[in-house]
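For ligands, and for the atoms within them, numbers begin at 1 and follow the listed sequence.
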Amino acid sequence: MDYNPIKIEEKWRDIWEKDKTYSVDINKAKRPYYNLMMFPYPSAEGLHIGNVYAFTGSDIHGRFMRMRGFDVFEPIGFDAFGIHSENFAIKKGTHPKDQTESNIAHFKEQLKRMGAIFDWDHEVNTSSPDYYKWTQWLFLQLYKAGLAYRAKAPVDWCPSCKTVLADEQVISGRCERCDSIVEQKELEQWFLKITKYADKLLNNLDNVDWSEVVKTAQRNWIGRSEGAILQFSIFNFKFSIPVFTTRPDTLFGATYVVLAPEHDLVDKLKSGIENWDEVLAYTDKARNKTELERADLAKEKTGIELKGIKAINPANNEEIPVWISDYVMASYGTGVIMAVPAHDQRDFEFAKKYNLPVKMVICPNYPDPICPVLDNAYTGEGWLVASGEFNGMPSKEAKEKIMEFVGGDKKVNYHLRDWLISRQRYWGAPIPIMYCRTCWEDKKSKIKNKKEGVDFIIIDNEKYAIVPVPEKDLPVLLPYAENFRPTGTDKSPLATIEEFVKTRCPRCGGEARRETDVCDTFLDSSWYYLGYLSNLGNKKLKIKNKKYPPWDGDVINKWLPVDMYIGGKEHSVLHLMYARFVTMALHDIGLIDFEEPFEKFRAHGLLIREGAKMSKSRGNVISPDDYFESYGVDVLRMYLMFLGPYEQGGDWQDQGIAGIARFIKRVYVLVQNIVEEKSKASKSQIPSFAQELRKGTRNSKSESDLERVTHKTIKKVTEDIENLQYNTAIAFLMEYLNNIQHTTYNIQHTEILLKLLAPFAPHITEELWHEALGYKTSIHNEPWPEYDPGKIKEDKVSVVIQVNGKARSQIEVDRDMQEEKIKSLVLADEKIAKWMGGKSPKKIIIVPGRVVNIVI
Ligand code: ANZ
Ligand code: ZN
């Protein structure tokens, strides 16, 4: 029989779907294992090969855990709202709703071909009202808990996406999505108070099993910094200026003070400032720069002295000048710094340029009284000099002491900013808020004592009360708008739809207006792992259909936190941070029992093609469809996983896939042959293998070798899959196939090969399991093969290591290990290194399996 992957794969897809081979009863499952992968944006006509890469690696893990006896829940869905999908529709000249529907249809077809154990009964689509009703509900819970608020703030605006962006969505000053340089705008927007959880977000990282790169990215993003607030009084003014510093130990070296140009205090000092026009001109220029440009270390520093203003250094009462400069940010710390040019590089450059005094107060090598002349700031720790009574004190100790000395306060600062979720776009969940004028005017008489907030906003110079949409009125439907294109103003296109904007106030029954911005897509995906386990209007699901929340607490707490989450590291501080925040908030509101959503997270690597990033503009994007049709899914899955360690990514080589195709074909032929031979043997009375062994007509040595190789293979493949080292697992399977081919009649080993191969190539293994080996049940329900450690040991031998003929150490090596490898192991041995005392060996004599003698 010829191997015809297309036919075989289609056949098994149908059977699996009909038999519901992979579905789990989420209520009854005994050993729940939640295997989650980051769901795709259906923002193109089809799956990207990078999606197939990511999902295959995750699915292999899911299949493996299934064979190990877990009830694996592996859901999939679509992150269908948002600018990615909307932009694609705009490009195609279609409506986002229609385009998204047709994209999803094709995605689904492809995902079904992938041979994954997806549970389609739990599919979610974030753009369907059944789903976004709950995204809006989530927003209302956060609002009620005081975690959602409106505020005016300088925000990042993407001129090409025509919307504001969250802090996390600006990467090196550019839009995360389209790479345009962002601009700054001052706008009133909705924020979620993620900063309230800054400490928890940071501390919990110590207790989750996540890829280290991602943890580090989150730690840096949260950016906790411990310091102090010190007050500098101003000559002739009644108030003092607070500065935030992480180095109070350097206070005696503070030779000037710098304010952010747009700082409120600048205005308050106006009466004393002699060069006001100059100051104003500088401030205007600074406002037009992005924070990133301002923070650029390489950039030439600029600034203006506030002439006529003097600050007093609280440590020594010296009068020092006050400047404004755009290297100080208004939004960080207090927006004011004490400049210590000797010990801060930015201050150093500024002082050099404007001829301000540089005073060294931390000496790297005390008690050396002569501090080196600086050509750069010395930013390390050391001992204090020129600091009065603190001279000679270690700088670490002086931090606290000097802070106390001048009556400063401890202060912890975070880089993390609140999450800006308003988007001036169409394709998203409308923010479920209304604005009512009557309610604002009535607030004193009627609403004063009500619990719900009566914050107001100003629209066209009128004050409006903020009124949340009642939960029973959800969802606030997104209208099918003809004019969905971004307006380019600071309003979403929904603002132009009169029927949408005008509404009745649920509180007073009067006329009200709706909020017209929509939610950031990342709010949709911040809870989708809960959504998969919820009844979002899906009649087929047997989940107790609670009114609020949409999930059953028992089910949620049984399955979550997610056991394994796999996805891209580009979401390190986006989705992964937002989802953690939302989970913590839901926990504190009392809706779930856990506060970390993902117990284990692994970032997969990126797939490139022949050394280059795949992109439409390069024209080197691979369509999975072509490979589904030519080689079949099993070959594609295996080839992708063979390209490199899954967590590092791989380089797709066009020729490479043929090698995997040959391997699969060899498996196919081998199994057929073994079965044929076996049946011939039984018909023609050819002696069985065991009989042959007894008669001594076969070489029993090779048989015991195969036994050893089998157990070794099981061990290696098992461990490699556990560590997501799929490429080496596949290599072991290839080697194993070679070994089996040299024996005959070996059904038992063939079965093991097929089982080990099953997570990688689910279709062909199922086919052979049934058609060649004659089983009636699925190979995917078989238990994972176990190995016997006793049977592997044999191939290790213990070797004595001598130095100049004297036994000094002992190591274990593989029996068949190459001499070069043995030599390097021996030389790496700690004890031996000591005995060699840094000398290099003159000669190394190896007596195989017994002794290694090093002559020095
Ligand atoms: C004096 C000093 C002396 C400083 C020294 C550093 C070294 P992180 O670690 O990021 O929190 N700073 C404070 N507020 C600032 C603002 N709004 N814009 C720009 N810079 C600001 O950095 C804290 C340090 O950054 C603070 O400590 C302050 O400079 C500066 F030898 O104060 B330091
Ligand atoms: Zn009202």
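Salt bridge status for R287 with E186: absent, with no side-chain N to carboxylate O gap under 4.0 Å.
At a threshold of 4.5 Å between non-hydrogen side-chain atoms, the residues F601 and V562 do not count as touching. With contacts defined as side-chain heavy-atom distances shorter than 4.5 Å, the pair S211/K569 does not qualify.
Looking only at atom types and distance, the side chain of D418 has a donor-acceptor partner in the side chain of Y149 under 3.5 Å away. For the residue pair N203 and R224, no side-chain donor N or O sits within less than 3.5 Å of a side-chain acceptor on the partner. When only modelled atom types and interatomic distance are considered, T302 and Y282 share a side-chain donor-acceptor pair under 3.5 Å.
Enumerated by chain and number, the residues approaching ligand 1 to less than 4.0 Å through a heavy atom are S225, F244, T245, T246, R247, T250, Y327, V328, M329, Y332, G335, I337, M338, V340, H343, D344, R346.
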